[in-house]
Asks: 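Submitted below is the structure of interest, expressed as C-alpha cells.
Note that the coordinates shown come from a computational prediction; the quantities given were computed from them, not determined experimentally.
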Amino acid sequence: MSALRGPAQARAAHRQALSRRPCIISGIEQLQSASLVADINDDAEPIFLLSAGWRSGSTLLQRLIMSDSRVLIWGEPYDECGMIQALADSMKAFRTDWPPAEYYYDGTPPADLSGNWIANLFPSLEDLRKGHRAFFDVMFSEPSKRGGAARWGIKEVRLGSEHAFYLRWLYPKAKFIFLYRNPLDAYRSYARYGRSWYDIFPNKPMFTPTAFGTHWRQLMQGYLRDAKKLDALLVPYEDLVGECPPLKEIEAYLGIRINHSVLDGKVGSSERGGKKVRLSALEKWLLKRAVSPVAKKLGYDW
C-alpha cells in the first residue's frame, strides 16, 4: 500500500502541515519572526494600485496618479505571466520546522566546507529578501528613474491582499489602493471585449461569468478583510466617477498632487460601435452566484 500512497508517517506529517493552512501570509509571518526586521531607513514608497478584476476603473485611477509628473505607474506588466504571483507563492513553504536552522550558510570559507554535509546549504533569509527585492528594483524602479520619475508603482487587476502582504514585506513603506466596482457593470464592460482574457496563461482563462465573478469575489474578500492591516485605501469606482470623487483623500494618502482635469478627458472606450452588450438571464445568474455574498454586502444586487 505504501508504494501507492507513500509511507504512513509521511502522509500523517503532510496532513498535519496542511491542517495549518499554509499560505502566503503565514509564510511571510514565519519569515518575519525568524529574520531581522527590515531596514527602517528604507524610504522607498512604491504605489500598488490593486483592482478587483478587470474593467473597474484601474486605468483611470492610474492616469490620475500619473498626472503627478514625479510618478510612473506600470500597467499590468507582463500580466499573463503571473510573475509576482509566482514569487509570492514561494512564501507558502516557510513554516516553523522548515528550513532547519542548520541549513543557513554561516560565512564559513568554502574550502572549509568541503568535508561537511552541504547537501542543503541556503543563503540567509535576509539575502532571500534582498533577492526578491532586487527583482522589483531592477524591473520597475530603475527604468522608472531612467524615465525621469522619482517614484514608481504598479497597477494590477490580478493581485489579492495576500500578494499585498508579500509586497509590504519587500517595501515596508509601500502604499496600497484597493479599487472595486459593481461586478455586473464590470462584467458587462468586459463582455464587450469578447471575454477572452487570462488571469495567468494558459491555465487560468476568464472566459465565463463564473470565472470572472469568482475572481472578483476572492479579491474582494481579501481587500475587505485586510485593508486595515495593510493601511490600504479602499476606493469604489462609483465614488471615483461620482459627483465628489475622493481625489483629496487619494492625494493625502499617497503624498502626491493630482491634476483633477484628468477626469474630464476620456482615453479609450469600451463602447464598441455604440452597441451595449446584453447579458442573458443565465449569465447574470451565474455571475450573481459567483460574487455572492460579498457583492450584496457592498450594496451590489440585481
Side-chain angles (χ1 to χ4, degrees), residues 38-77 79 84 88 133 135-137 139-181 219-220 222-268 298:
D39 185 359
I40 60 174
N41 297 316
D42 182 358
D43 292 326
E45 290 185 287
I47 298 167
F48 296 105
L49 165 54
L50 308 186
S51 171
W54 298 261
R55 309 305 303 157
S56 295
S58 60
T59 303
L60 171 60
L61 187 48
Q62 176 191 17
R63 291 173 51 233
L64 282 165
I65 295 171
M66 284 184 61
S67 68
D68 185 320
S69 61
R70 299 169 297 171
V71 184
L72 189 155
I73 304 293
W74 301 101
E76 302 170 39
D79 49 2
I84 295 175
R133 168 77 177 252
F135 171 83
F136 288 86
D137 287 344
M139 177 75 81
F140 304 116
S141 179
E142 291 181 10
S144 69
K145 289 178 181 177
R146 291 198 300 269
R151 198 171 172 194
W152 65 277
I154 296 173
K155 181 264 289 188
E156 250 300 350
V157 299
R158 296 165 170 82
L159 303 184
S161 63
E162 68 274 21
H163 303 112
F165 278 103
Y166 166 73
L167 295 167
R168 170 75 79 206
W169 174 60
L170 297 179
Y171 297 96
K173 296 183 181 179
K175 298 292 185 179
F176 296 92
I177 294 182
F178 294 154
L179 178 68
Y180 61 96
R181 183 186 187 185
L219 293 181
M220 280 309 307
Y223 293 171
L224 295 172
R225 180 188 65 235
D226 297 323
K228 188 174 182 180
K229 296 176 185 176
L230 290 160
D231 188 32
L233 187 63
L234 280 162
V235 178
Y237 170 81
E238 292 79 11
D239 288 356
L240 190 63
V241 297
E243 293 184 2
C244 298
L247 300 187
K248 292 292 186 182
E249 185 180 3
I250 294 170
E251 286 179 320
Y253 174 70
L254 297 179
I256 64 172
R257 295 291 298 274
I258 290 175
N259 181 351
H260 295 206
S261 67
V262 171
L263 283 172
D264 301 326
K266 193 172 185 179
V267 178
L298 289 170

Asks: Where is the tightest heavy-atom contact between Leu247 and Ile258, given as atom of each residue plus distance?
Replies: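 What the structure gives for the nearest pair is O-CD1, 4.1 Å.
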
Asks: Looking at CD of Glu76 and OG of Ser58, how far apart are the two atoms once the value is rounded to the nearest 0.5 Å?
Replies: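 With rounding to 0.5 Å, CD (Glu76) is 5.5 Å from OG (Ser58).
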
Asks: With rounding to the nearest 0.5 Å, note down the distance linking OG in Ser67 to CG in Leu263.
Replies: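 The OG atom of Ser67 sits 9.0 Å away from the CG atom of Leu263.
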
Asks: Decide yes or no on side chain to side chain contact (heavy atoms under 4.5 Å, CB included) for Trp74 and Ser144, but give the supporting numbers first.
Replies: CA-CA 9 Å; Trp74 301 101; Ser144 69; 4.3 Å; yes

Asks: Which heavy atom of Arg70 sits nearest a heavy atom of Ile256, and at what distance?
Replies: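 Closest approach of Arg70 to Ile256: NH2-CA, 3.7 Å.
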
Asks: Would you sort out whether Leu167 and Phe136 count as a side chain to side chain contact (heavy atoms under 4.5 Å, CB included), showing the intermediate values?
Replies: CA-CA 10 Å; Leu167 295 167; Phe136 288 86; 3.7 Å; yes

Asks: Kindly indicate, with the supporting measurements, whether the criterion side chain to side chain contact (heavy atoms under 4.5 Å, CB included) is fulfilled by Phe178 and Leu224.
Replies: CA-CA 9 Å; Phe178 294 154; Leu224 295 172; over 6 Å; no

Asks: Where is the tightest heavy-atom contact between Pro246 and Val235, given as atom of each residue plus distance?
Replies: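 Residues Pro246 and Val235, closest heavy atoms: CG-CG1, 4.3 Å.
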
Asks: Rounded to the nearest 0.5 Å, how far apart are CD1 of Ile47 and CD1 of Ile177?
Replies: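 Between atom CD1 of Ile47 and atom CD1 of Ile177 there are 7.0 Å.
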
Asks: Compare all side-chain heavy atoms of Tyr180 with those of Ser51 and state whether any distance is below 4.5 angstrom.
Replies: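 They are not in side-chain contact.
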
Asks: Can you name the salt bridge (charged side-chain N to carboxylate O under 4.0 Å, His left out) partners of Glu162, sequence neighbours left out?
Replies: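 So Glu162 forms no salt bridge (charged side-chain N to carboxylate O under 4.0 Å, His left out) with any residue.
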
Asks: Would you call Met139 and Pro77 a side-chain contact if the rule is heavy atoms closer than 4.5 Å?
Replies: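 A side-chain contact under 4.5 Å is absent here.
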
Asks: Under 4.0 Å between a side-chain nitrogen and a carboxylate oxygen: does that hold for Lys173 and Asp42?
Replies: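 The answer is no: the pair does not qualify as a salt bridge.
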
Asks: Within the distance-only criterion (no hydrogens, no angle test), does the side chain of Gln62 pair as donor or acceptor with the backbone N or O of Ile73 below 3.5 angstrom?
Replies: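 Checking the backbone N and O of Ile73 against the side chain of Gln62, a donor-acceptor pair under 3.5 Å is found.
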
Asks: Would you give the length of the straight line joining atom CH2 of Trp152 to atom CZ of Phe140, rounded to the nearest 0.5 angstrom?
Replies: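 So the gap between those two atoms works out to 6.5 Å.
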
Asks: For Tyr223 and Leu159, work out which heavy atoms get closest and say how close.
Replies: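 Shortest heavy-atom contact: OH-O, 2.7 Å.
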
Asks: Can you list the steps and then say if Lys155 with Thr59 is a side-chain hydrogen bond (donor to acceptor under 3.5 Å, both in side chains)?
Replies: CA-CA 8 Å; Lys155 181 264 289 188; Thr59 303; 3.3 Å; yes

Asks: With sequence neighbours excluded, give me every side chain to side chain donor-acceptor pair (under 3.5 Å) pair touching residues 231-259.
Replies: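 Residue pairs with at least one partner in residues 231-259: Glu238-Tyr300, Asn259-Ser261.
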
Asks: Kindly give the heavy-atom pair with the smallest separation between Ala164 and Leu230, and that separation in Å.
Replies: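 For Ala164 and Leu230, the tightest heavy-atom pair comes out as CB-CD1, 3.6 Å.
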
Asks: For the CG atom of Leu72 and the CD1 atom of Ile65, what is their distance to the nearest 0.5 Å?
Replies: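 Rounded to the nearest 0.5 Å, the CG-CD1 separation comes out at 11.5 Å.
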
Asks: Quick check for you: to the nearest 0.5 Å, what is the distance between Phe48 atom CZ and Ile84 atom CD1?
Replies: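 The CZ atom of Phe48 sits 7.0 Å away from the CD1 atom of Ile84.
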
Asks: Would you please test Arg158 and Leu219 for side chain to side chain contact (heavy atoms under 4.5 Å, CB included) and show each step?
Replies: CA-CA 8 Å; Arg158 296 165 170 82; Leu219 293 181; over 6 Å; no

Asks: Has Arg151 got a side-chain atom pairing as donor or acceptor with Val71's backbone, closer than 3.5 angstrom?
Replies: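 Looks like no, no N/O pair under 3.5 Å.
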
Asks: Which pair of heavy atoms, one from Ser56 and one from Ala52, lies closest together, and at what distance?
Replies: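 Minimum heavy-atom contact is OG-O, 3.8 Å.
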
